[in-house]
Protein chains: 2
Amino acid sequence: MSLIDRRRARTRRALVEAATELFERKGYEGTTVADIAAAAEIGTRTFFSYFASKEDVLFPDADARVRAAVEIVKNHKAGEAPAQLLMRAMKYLASADNDLPGGFAALRLRLFRDVPAVRGRALQLLCEAMLEIAKHLAAAFPEQLDEASAVALSGAVTGAVLGALYHLLEKSDQALDPDPVALCDAGRQAIQVALAPWLRP
Amino acid sequence: MSLIDRRRARTRRALVEAATELFERKGYEGTTVADIAAAAEIGTRTFFSYFASKEDVLFPDADARVRAAVEIVKNHKAGEAPAQLLMRAMKYLASADNDLPGGFAALRLRLFRDVPAVRGRALQLLCEAMLEIAKHLAAAFPEQLDEASAVALSGAVTGAVLGALYHLLEKSDQALDPDPVALCDAGRQAIQVALAPWLRP
DNA sequence: TTGCATCTCTGCATTGAGTGCACCTATGGT
DNA sequence: ACCATAGGTGCACTCAATGCAGAGATGCAA
């Protein structure tokens, strides 16, 4: 089990790295799944036993991230307001880029901006994450929040962050060569800006 | 021009109606673009000169709706608060189901819930609408809102509505036969629920 | 009416994502 | 050593989507 699992994890990482390199070099549309599989030295068919779609290779950490954010909600400090807790979870959700190849987050942002398919998948995952967090948020504050309010609140916070992110991406549209570091920092900063109004009460 | 335009509009409507009927009867995945085109009596290739993708046939009114919402923002009454104006625009955006075959909105909601591709496209369009509205909102309140705040605010309102919608869809998940009318009414009601907190200040 | 230009419709070929199936191989347990 | 199971792989297939080029209709001018 352990041996086989480690092998699978290694192949998975190889796929992500190969995809990163290829997307960087030949663009998203210019790279086929067959290319990625070949670069990672597996059969084309096997790619789809690691990732359900071509887009998903850009979100290899989605599950882990959501689980970590949920943990933050579950282990909330007593007396912390829902909105503040939500902000901490969202902040983690948007900034935890561990275990990923260098420049991966920046590449992903650029592809989010430029490739409709990537944007669609990202928004879908974001919504799922939002719902999952909302569910646990409602459980964490049974007195203050019913489920409907929790989802609406999570949606509002998520939407605000997303709006700020879009705004930053639009601005950097003019820079033909988007600086990876600046783009990532801006993403994190967007959270601060968007959530500021929520921290007052 | 007028003659040719009317012909195109008629074909377009025929496509939407054919797609509605086929999706209803054979499901989304069970219907091919060729089926839709054949039912509307045009060549398969021609379908893509009317809609850029299979999903887009489910959002034939997207442009008009966004334009109408933008008009609402542009013609805002003096003294109306940004959040209230935004609510009016969102309300219109989510409830204007004119010129569509009966049951179309309910079908769309069901497919949004069940088909990932439809969900992805819908979220994408929603984001675009949100950005467009935000741009004009910032223009309408140059004193109170800079562009970043406008986008964050629009994102928050949009997210809240979306969250409420998701919650309602989840609840109706248990009902195996979702009542179209109830589903649509619930969608409109969701807006009221989600936006209630924004109306107090 | 005739001719010319433009635009739409259409079929054909092609690419590439994604799936179902069947076979093979290797790993792990007995 | 043997067997059962699970992952890897090739093959064939479906379907969305695009590029291209030809056919046909339409509008305009002479």
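Predicted, not measured: the structure shown is a model, and the values here were computed from it. In the text below, chain A, chain B and the rest are named by the order of the sequence lines, each starting its count at 1.
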Checklist entry - Under 3.5 Å, side chain of B/Arg108 to main-chain N/O of B/Leu58, donor-acceptor pair present? => result yes
Item to check | Lys/Arg N to Asp/Glu carboxylate O, B/Arg88 vs B/Glu80, below 4.0 Å | outcome: yes
Checklist entry - What nucleotide among D/dG7, C/dT10, D/dA17 has an atom nearest to a side-chain atom of B/Ile42? => result C/dT10
Checklist entry - Touch check for B/Thr31, heavy atoms < 4.0 angstrom, all strands: base, sugar-phosphate only, or nothing? => result sugar-phosphate
Checklist outcome for this item: From OH of B/Tyr28 across to C1' of D/dC15 the rounded distance in Å is 12 Å
Next on the checklist: Can you confirm if the NZ or CZ of A/Lys54 lies within 45° of the ring axis of A/Phe47 and under 6.0 Å from the centre of its six-membered ring?
Outcome noted: no
Checklist entry - Considering only side-chain heavy atoms of B/Val33, which listed nucleotide, D/dA16, D/dG8, C/dT8, is closest? => result D/dA16
Checklist entry - Can you check side chain to side chain contact (heavy atoms under 4.5 Å, CB included) on A/Arg121 and B/Gln124, steps first, answer last? => result CA-CA 9 Å; A/Arg121 186 77 189 110; B/Gln124 235 178 98; over 6 Å; no
Checklist entry - For the pair made of CG in B/Asp56 and P in D/dT18, what is the distance, rounded to whole Å? => result 11 Å
Next on the checklist: Classify B/Tyr50 by what it touches in the nucleic acid, base, sugar-phosphate, or nothing, heavy-atom distance under 4.0 Å.
Outcome noted: sugar-phosphate
Item to check | Whole angstrom value for the distance that separates P of C/dC9 from CD of B/Glu41 | outcome: 14 Å
Item to check | A/Arg8 to A/Tyr50 six-membered ring, cation-pi geometry met (6.0 Å, 45°) | outcome: yes
Item to check | side-chain N/O A/Arg7 vs C/dT27 OP1/OP2, d < 4.0 Å | outcome: no
Checklist outcome for this item: Of the listed D/dA17, D/dG8, C/dT10, the closest approach to the B/Lys54 side chain comes from D/dA17
Checklist entry - Between A/Ser53 and C/dA17, does any side-chain N or O lie under 4.0 Å from OP1 or OP2? => result no
Next on the checklist: Side chain of B/Arg45 only, heavy atoms from C-beta on: which candidate in C/dC9, D/dA17, D/dG19 is closest?
Outcome noted: D/dG19
Checklist entry - If you look at every strand shown and take non-hydrogen atoms under 4.0 Å, does A/Thr44 touch a base, only sugar-phosphate, or nothing? => result nothing
Checklist entry - If you check the B/Thr46 side chain, which of C/dT10, C/dT8, C/dT19 turns out closest? => result C/dT10
Item to check | Rounded interatomic separation in angstrom, taking CD from B/Glu55 and C1' from D/dA17 | outcome: 11 Å
Checklist entry - Rounded to whole angstrom units, what separation is found between the CZ atom of A/Phe48 and the P atom of D/dA12? => result 18 Å
Checklist entry - B/Thr32 near the nucleic acid: base, sugar-phosphate alone, or nothing, with a heavy-atom cut-off under 4.0 Å? => result sugar-phosphate
Checklist outcome for this item: Atom CZ of A/Arg10 and atom P of D/dG8 are separated, to the nearest Å, by 12 Å
Checklist entry - What is the distance from CD of B/Glu29 to P of C/dA17, rounded to the nearest Å? => result 18 Å
Checklist entry - Can you check the A/Arg8 CZ to D/dT9 P distance for me, whole Å? => result 11 Å
